[in-house]
S.K.: 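There's a structure below that I have some questions on.
What you see below is based on every heavy atom in this structure, not just the backbone, and it leaves out hydrogens, waters and symmetry mates. Labels below follow one simple rule: chain letters A, B, ... track the order of the sequence lines, proteins then strands, and each chain is numbered from 1.
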Number of protein chains: 4
Amino acid sequence: MGRPRSETARRAILGAAMSGLQEHGYAALTMQGIAAAAGVGKQTIYRWWPSKADVVLDGLVEFADERIAVPDTGSLPGDLAEFLVATFRQRGQRPVLIGLMAEALLDPVFARAFRDRFLFARRAALRQILDRAAGRGEIAAGIDPDLLIDVVYGVLWYRLMLDHAPLDEAAGRQLTDLLVRTVS
Amino acid sequence: MGRPRSETARRAILGAAMSGLQEHGYAALTMQGIAAAAGVGKQTIYRWWPSKADVVLDGLVEFADERIAVPDTGSLPGDLAEFLVATFRQRGQRPVLIGLMAEALLDPVFARAFRDRFLFARRAALRQILDRAAGRGEIAAGIDPDLLIDVVYGVLWYRLMLDHAPLDEAAGRQLTDLLVRTVS
Amino acid sequence: MGRPRSETARRAILGAAMSGLQEHGYAALTMQGIAAAAGVGKQTIYRWWPSKADVVLDGLVEFADERIAVPDTGSLPGDLAEFLVATFRQRGQRPVLIGLMAEALLDPVFARAFRDRFLFARRAALRQILDRAAGRGEIAAGIDPDLLIDVVYGVLWYRLMLDHAPLDEAAGRQLTDLLVRTVS
Amino acid sequence: MGRPRSETARRAILGAAMSGLQEHGYAALTMQGIAAAAGVGKQTIYRWWPSKADVVLDGLVEFADERIAVPDTGSLPGDLAEFLVATFRQRGQRPVLIGLMAEALLDPVFARAFRDRFLFARRAALRQILDRAAGRGEIAAGIDPDLLIDVVYGVLWYRLMLDHAPLDEAAGRQLTDLLVRTVS
DNA sequence: TGTTAAGCGAGACGGTACGTCCTGTCTTTCG
DNA sequence: CGAAAGACAGGACGTACCGTCTCGCTTAACA
């Protein structure tokens, strides 16, 4: 019964969205523009995504191949360093992340989707590392792991947004040192 | 030369912007709407501000009475606690701050203004506290105060944006404890 | 009492209006533009003229040196030919006349000024010629001179506006022939 | 392909334009106003007409039911009288015609459309009458029919614009008499 | 000879319409 | 029945002028 959803259209839309974003920035991205670039009717986009932010979020998940590797070196400093360096290395996605966050700040409905589908997944990965470290006794009692997570992603997003300080490998190591010092 | 700028119009515009923002949120704020609410021609707004974000930024500075108190209790834990609790208490400005940050993420030109006129002023205040503590030997050698500042404001903004954890007095104290533990 | 009107400003305004009109056409002429080009405040224009059309009308009277010569060759065909050829030769004023007429069609207040200060003066000149011819018995009884005037200026304006037929010396002679044939 | 043009919208636009014109005059007519009165987006007007003048021209053609009757009484005086009286009787369209002519004087692009779609159609009708009369030998040799047409429509438009003389049945007969006298 | 009232340039003011852009919905035809 | 095409109502955009209004400064004629 009924014609099935066109995979071709789906891919064209996500592709057009991501490349339009890279070229002209999130602010210049429009549903109209995505549809035109994808050779697709606007309705076809609206049928499957409620807003351009949701398209981009799907595009991010689809293209930027988001396996979040959870390293397991056997010690907190090792795990943390590897995780942070890997995370900070994805700085190339800045335009995408910045745009999605902007949208989330303006639209509470999308904010929920962004949190649940993207941000919380990242938190969970880091949480795993911290839990393992706690099991090994590497984290002093009385330290709230959630606060630690907020510190990590807080610094990450704050620097991503302000662009006032580097977000590179060295920064990853510096933050690792600070955290290890804190919890021990 | 020519007719001088109308102080009345200036205040009406800032007032209309801030109250419109409080009532319907930043996304629903329009230049058109501000002009109408202020009883002012659109041109009069565009003559003095390049975008609605700049109006709101001026409104924030004007209305939200921006003295950033820098406490001086004589010890880092005391100063930090007082500063963070005071800062976290301004959570009522969330809609304003969220809107401005969204705009900054979408518009690099405004981003600069926002950073220079608002965010960096806050950093400077915290910096004063940390420098004083360093002078008293309360901060261990090898700790970059700028990273500490990123941690503080990183956590603050991350929670402000995600709204996933409280941003209250208790949170201020908890973060204080973590930082004091880190630097000692 | 008070400072007397500035003759310099008056001339600058009329000059700016006329040259702006020649260069960019009546539609593109604005009070703002005239004031800027004349190096004059807008108020100075509004103080002395109610609309741009009135400025242009004054400019036409001032610059285009409006002596309407009434020839007197002793015969109707001679007078008529000379008058029409002279009138048709002023075709260079087309942009000015076209613009003023457009304004008159849109603004009944200006229409009155245009009629009284410009159009009726032309009619009076032609009327003189016809009255003289009537005195010499060159016009058959029962012919309304006002209708003849309407024919002359009707054809003139119709061609000026439609621009579908020449408005040159030959046209002047052709119309003369037709009129002489009619009245005799 | 795509959704077909809405006949409803088209009619609403033309209707709103014509009634707005009748009520407040051509000068007070705005695209904005037409759109609002027609319950239509501005874009829908701009999609199909380049300017308000073109809307009004279409409205004139659509509503004022423009069959130009070409009478055939068998003689020039009869045809001419009937044609002129019928034409002069449409004086109620003065606001429409006056507005369109004003626009044509200000905008050369529209001028062409107005000439080709409206004015020349009228000339053709009169031309038919004159050609038939010439075939019957009612027009003396050496008389240019185009000049006669210019005389007729010149007088018509000149009176329509200046509004200084009646444009009624009597005027139609008077002009007929003059023309018949001229050509014979 | 100093006062004073109008004219002057400059340019900001509250408005209104412009023509463009995008939104999210709708109505076609095609495959 | 999904999809492309594209028209639709709506509404904000940023710009251009409108005609009015304040400024500070001339510039004569009056006192």
S.K.: What nucleotide, of dT23(E), dC13(F), dC18(E), holds the atom closest to the side chain of Thr30(D)?
M.R.: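 Of all the options, the side chain of Thr30(D) is nearest to dC18(E).
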
S.K.: Could you give the CD1-to-P distance, from Ile34(A) to dC21(E), as a whole number of Å?
M.R.: 18 Å

S.K.: Ignoring hydrogens and geometry, is there a side-chain-to-backbone donor-acceptor pair from Lys52(D) to Tyr26(D) under 3.5 Å?
M.R.: yes

S.K.: Just the rounded figure in Å: distance from P of dG11(E) to OH of Tyr46(C).
M.R.: 17 Å

S.K.: Does any non-hydrogen side-chain atom of Leu100(B) lie less than 4.5 Å from one of Leu119(B)?
M.R.: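 Answer no - side chains too far apart.
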
S.K.: Taking for each residue the nucleotide of DNA chain E with the nearest heavy atom, is it Ser51(D) or Glu7(C) whose nucleotide lies nearer the 5' end?
M.R.: Glu7(C)

S.K.: For Arg94(C) and Leu160(C), work out which heavy atoms get closest and say how close.
M.R.: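 Shortest heavy-atom separation between Arg94(C) and Leu160(C) comes out as NE-O, 2.8 Å.
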
S.K.: Establish, yes or no, whether the cationic atom of Arg115(C) lies under 6.0 Å from the six-membered ring centre of Trp157(C) and within 45° of the ring axis.
M.R.: no

S.K.: What I want to find out is whether Asp58(D) reaches Arg117(D) closely enough, with some N-O distance under 4.0 Å, to be called a salt bridge.
M.R.: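 Result for this pair is yes, salt bridge flagged.
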
S.K.: Side chain of Thr44(A): nearest nucleotide among dA4(F), dC8(F), dC18(F)?
M.R.: dA4(F)

S.K.: May I ask you to test the Leu105(C)-Met101(D) pair for a side-chain heavy-atom distance under 4.5 Å?
M.R.: yes

S.K.: Closer to the 5' end of DNA chain F via nearest nucleotide, is it Gly33(B) or Ala38(D)?
M.R.: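 Residue closer to the 5' terminus by nearest nucleotide: Ala38(D).
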
S.K.: Starting from P on dC13(F), measure out to CD on Gln43(D) and report it in whole angstrom.
M.R.: 17 Å

S.K.: What is the separation between atom CD1 on Ile45(C) and atom P on dC17(F), rounded to the nearest whole Å?
M.R.: 13 Å

S.K.: In whole Å, I'd like the distance from the CD1 atom of Ile13(D) to the P atom of dA7(F).
M.R.: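 The answer, rounded to whole Å, is 13 Å.
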
S.K.: Choose from dC8(F), dG24(E), dA12(F) the nucleotide whose nearest atom is closest to any side-chain atom of Ser6(D).
M.R.: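 Output: dC8(F).
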
S.K.: Please report the distance, rounded to the nearest Å, between CG in Leu106(C) and C1' in dC18(F).
M.R.: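 Rounded to whole Å, this separation is 16 Å.
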
S.K.: Is the Lys NZ or Arg CZ of Arg11(C) less than 6.0 Å from the centre of Trp48(C)'s six-membered ring, within 45° of the axis?
M.R.: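 No - Arg11(C) does not lie over the ring of Trp48(C) by the 6.0 Å and 45° rule.
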
S.K.: What integer distance in Å separates Gln32(C):CD from dG9(E):P?
M.R.: 15 Å

S.K.: Identify, between Leu29(C) and Lys42(B), the residue whose nearest nucleotide on DNA chain F lies closer to the 5' end.
M.R.: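 The residue mapped nearer the 5' terminus is Lys42(B).
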
S.K.: Could you tell me whether Arg47(C) contacts a base, only the sugar-phosphate backbone, or nothing, with contacts defined as non-hydrogen atoms closer than 4.0 Å?
M.R.: base

S.K.: Without decimals, in angstroms, what is the distance between Lys52(C) NZ and dG19(F) P?
M.R.: 10 Å

S.K.: Closer than 4.0 Å, any side-chain N/O of Trp48(C) to the OP1 or OP2 of dA6(E)?
M.R.: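 So the side-chain polar atoms of Trp48(C) never come under 4.0 Å of the phosphate oxygens OP1 or OP2 of dA6(E).
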
S.K.: Show each protein N/O and nucleotides 24-27 of chain F N/O combination with a separation under 3.5 Å, one pair to a line.
M.R.:
{"residue": "dT26(F)", "atom": "O2", "partner": "Arg3(C)", "partner atom": "NH1", "Å": "2.8"}

